[in-house]
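These values consider heavy atoms only, across backbone and side chains, with no hydrogens, waters or symmetry-generated copies. Here is the naming used below: chain letters follow the sequence lines, and residue numbers restart at 1 for every chain.
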There are 2 protein chains.
Amino acid sequence: MPSPTPHATCEGARQILDAALEAFATHGYSGASMHAIAQQAGVSKANVFHHFASKELLYLAVLRTAAQRWRENLVPIAQSNACFADQLKLLVQRVLDHLVSESAQSRVVLREMLENGALRGRELSEEIFNDNFRIETGVFRRAQANGELRAGVDPILAWAATLAACLFFFQTRDVLRFNPDFPYAEAPERFAQGIRDVLLNGIAAHPDLS
Amino acid sequence: MPSPTPHATCEGARQILDAALEAFATHGYSGASMHAIAQQAGVSKANVFHHFASKELLYLAVLRTAAQRWRENLVPIAQSNACFADQLKLLVQRVLDHLVSESAQSRVVLREMLENGALRGRELSEEIFNDNFRIETGVFRRAQANGELRAGVDPILAWAATLAACLFFFQTRDVLRFNPDFPYAEAPERFAQGIRDVLLNGIAAHPDLS
DNA sequence: GTCTATAAACTGATAGAC
DNA sequence: GTCTATCAGTTTATAGAC
């Protein structure tokens with residue numbers, strides 16, 4: 001009987017997961033076929049069902065893996081003792097780099113939120129996203145406690161604006177790349193630097209509470 | 001013979017487009033069936049193929065409609081004469097409201113952007129984005145010319161951070177709704193207000209160029 | 001015996017044709 | 001409105017390897 005979470009040591013299961021990740025990220029849940037996944041993984045279709053009892057469970061395993069990788073990449077930031085500006089720099093760099101270099105994992109999660117967020121929202125939130133939420137917002141909460149984050153700002157909004165900019169870069173990059181007026185598609189580090197300035201110092205010429 | 005762009009005056013075609021929009025947004029391209037779309041539109045499947053020669057062309061027509069609606073909602077902002085703070089307020093409100101109230105159209109476009117192959121309708125996505133890009137960035141460029149946007153800031157980055165926050169709210173709302181630490185899912189206007197403050201005034205306690 | 005793999009067959013849904 | 005050829009996910013039977 002196929003176990004819900006196959007051993008990571010099993011090479012076959014890992015190759016299936018890799019192939020499934022790419023397929024789901026590229027074609028969506030319905031658009032990805034078990035046949036194509038099996039072929040890409042170099043195993044038979046029946047073998048896929050040996051490791052994962054159903055397409056749904058395979059998909060969930062892919063999502064869980066993506067969440068785990070994301071968490072692994074962000075935990076070190078939360079444990080850093082650097083000043084807020086440096087932590088923000090590290091956070092933006094890490095998130096942008098993770099999004100771009102692990103593009104398939106990022107796409108599969110973003111897609112899931114668009115396709116099924118309302119239906120699977122609760123489970124996703126509880127099982128996958130709440131951990132990352134706590135880790136990431138912690139950076140901003142501690143900065144406010146240290147007096148490095150402006151007192152009037154909700155740390156959650158500061159986190160949201162930061163993560164939003166990273167996600168925006170990732171999601172619109174392939175489209176804006178062909179826009180001659182957008183010079184950042186090929187320069188993530190320049191985008192990151194500019195966004196940090198915008199976030200830290202604001203965009204208003206004459207700061208004012210409105 | 002089915003025309004690529006059926007007359008908007010034709011009631012049947014409009015109902016098919018509405019049903020297709022909802023189906024594609026909810027189930028994805030592959031997950032949406034022509035049978036279900038026809039049934040939802042209250043017409044026969046053959047009638048769907050009469051108006052749209054293939055599933056692919058129906059999908060492209062849906063994307064085109066979504067792009068047009070988005071543009072219609074944003075053009076008035078670019079023509080406003082209000083001060084920058086008010087224009088920013090209007091922009092965030094309009095974008096957030098459009099995303100939420102026209103959720104199906106927004107989801108269909110955002111999902112299309114996540115397609116890796118970009119084989120289908122990438123030119124369309126570019127067309128959507130480049131038109132809106134000019135309209136939206138114009139608000140920030142003029143603000144800088146008027147001395148209302150801080151001189152050191154690239155207007156494009158200011159635009160990106162603004163739009164990013166709106167998209168982030170829309171995309172993560174259904175997941176963060178179940179997170180007890182995120183209080184904004186049911187309060188878009190509070191989120192908009194907080195984001196405007198973050199964008200205009202920054203999050204650093206002691207502004208510094210880093 | 002359990003684990004891993006496969007081929008072949010089954011059932012239902014699909015896009016599209018007539 | 002019916003038909004069809006195709007392809008989807010899934011199951012069953014089978015068989016070598018540790």
Side-chain angles (χ1 to χ4, degrees), chain A residues 1-65 108 111-112 115-116 119-120, chain B residues 1-6 10 12-13 15-64 108 111-112 115-117 119-121:
Chain A
M1 184 180 27
S3 64
T5 311
H7 303 108
T9 56
C10 177
E11 189 57 24
R14 252 213 45 239
Q15 279 179 311
I16 292 169
L17 273 176
D18 284 349
L21 168 65
E22 203 60 46
F24 285 132
T26 305
H27 303 107
Y29 179 80
S30 302
S33 85
M34 296 296 267
H35 171 72
I37 290 170
Q39 201 166 330
Q40 177 67 29
V43 300
S44 71
K45 199 165 65 159
N47 186 250
V48 175
F49 280 96
H50 168 71
H51 288 289
F52 303 91
S54 69
K55 187 182 187 181
E56 179 89 8
L57 286 176
L58 172 57
Y59 179 68
L60 291 177
V62 165
L63 277 186
R64 208 169 294 123
T65 304
V108 96
R111 238 199 151 103
E112 169 62 25
E115 293 190 12
N116 232 323
L119 299 177
R120 262 199 280 258
Chain B
M1 179 178 34
S3 63
T5 312
C10 175
Q15 279 179 308
I16 292 169
L17 274 176
D18 283 350
L21 169 65
E22 203 59 47
F24 285 133
T26 306
H27 303 107
Y29 178 79
S30 303
S33 86
M34 296 296 269
H35 171 72
I37 290 171
Q39 200 165 331
Q40 177 66 28
V43 302
S44 72
K45 203 166 64 158
N47 188 258
V48 175
F49 280 99
H50 166 71
H51 287 291
F52 303 91
S54 69
K55 186 182 185 179
E56 179 90 8
L57 286 176
L58 173 57
Y59 177 70
L60 291 177
V62 164
L63 276 186
R64 207 170 295 121
V108 120
R111 193 211 318 273
E112 174 62 29
E115 296 272 339
N116 195 21
L119 305 172
R120 189 175 45 206

Checklist outcome for this item: Quick note, K55(A) side chain, CB onward, closest among dG1(D), dA7(C), dT10(D) is dT10(D)
Checklist entry - Hey, does S54(A) reach any base, or is it just sugar-phosphate, or nothing, if we go heavy atoms under 4.0 Å? => result sugar-phosphate
Next on the checklist: With rounding to the nearest 0.5 angstrom, report the SG to CG distance, C10(A) to L17(A).
Outcome noted: 10.0 Å
Checklist entry - Within this structure, what is the CZ-to-P distance between R14(A) and dA5(C), rounded to whole angstrom? => result 13 Å
Checklist entry - Counting only N and O atoms by type, is there a donor-acceptor contact under 3.5 Å from the side chain of R111(B) to the main-chain atoms of F24(B)? => result yes
Checklist entry - Will you find, in the side chains of Y29(A) and E112(A), an N or O donor that is under 3.5 Å from an N or O acceptor? => result no
Next on the checklist: Students often get this wrong, so: under 4.0 angstrom with heavy atoms, is A32(B) touching a base, only sugar-phosphate, or nothing?
Outcome noted: sugar-phosphate
Item to check | Atom pair distance, as rounded to whole Å: CD in Q15(A) and C1' in dA5(C) | outcome: 13 Å
Checklist outcome for this item: Value for NZ (K55(B)) from CZ (F49(B)), rounded to nearest 0.5 Å, stands at 9.0 Å
Checklist entry - Can you find a donor-acceptor N/O pair under 3.5 angstrom joining the side chain of K45(A) to the base of dT10(D)? => result yes
Checklist entry - Which nucleotide, dT14(C), dG9(D), dT6(C), lies nearest any side-chain atom of S33(B)? => result dT14(C)
Next on the checklist: In this structure, how many angstroms lie between the P atom of dA8(D) and the NE2 atom of H27(B), rounded?
Outcome noted: 19 Å
Checklist entry - Rounded to whole angstroms, how far apart are CE on M34(B) and P on dT4(D)? => result 21 Å
Checklist entry - Nearest-Å distance, CG (N47(A)) to P (dA13(D))? => result 19 Å
Next on the checklist: Just N and O in the side chain of H51(A): are any of them under 4.0 Å from OP1 or OP2 of dC3(C)?
Outcome noted: no
Item to check | Minimum-distance nucleotide (side-chain atoms of A46(A) versus dA15(C), dT6(C), dA5(C)) | outcome: dT6(C)
Checklist entry - At under 4.0 Å, does any side-chain N or O of H35(B) touch on OP1 or OP2 of dT14(C)? => result no
Next on the checklist: To the closest 0.5 Å, what do you measure between NZ (K45(A)) and CD1 (I37(A))?
Outcome noted: 11.0 Å
Item to check | Spacing between I37(A) atom CD1 and dT10(D) atom P, to the nearest angstrom | outcome: 11 Å
Checklist entry - Atom NE2 of H50(B) to atom P of dG16(C): distance rounded to whole Å? => result 17 Å
Checklist entry - Taking the side chain of F49(A) as heavy atoms from C-beta outward, which of dT6(C), dG16(C), dT10(D) is closest to it? => result dT10(D)
Item to check | Atom-to-atom span, CD1 of I16(A) to C1' of dT4(C) - whole angstrom | outcome: 10 Å
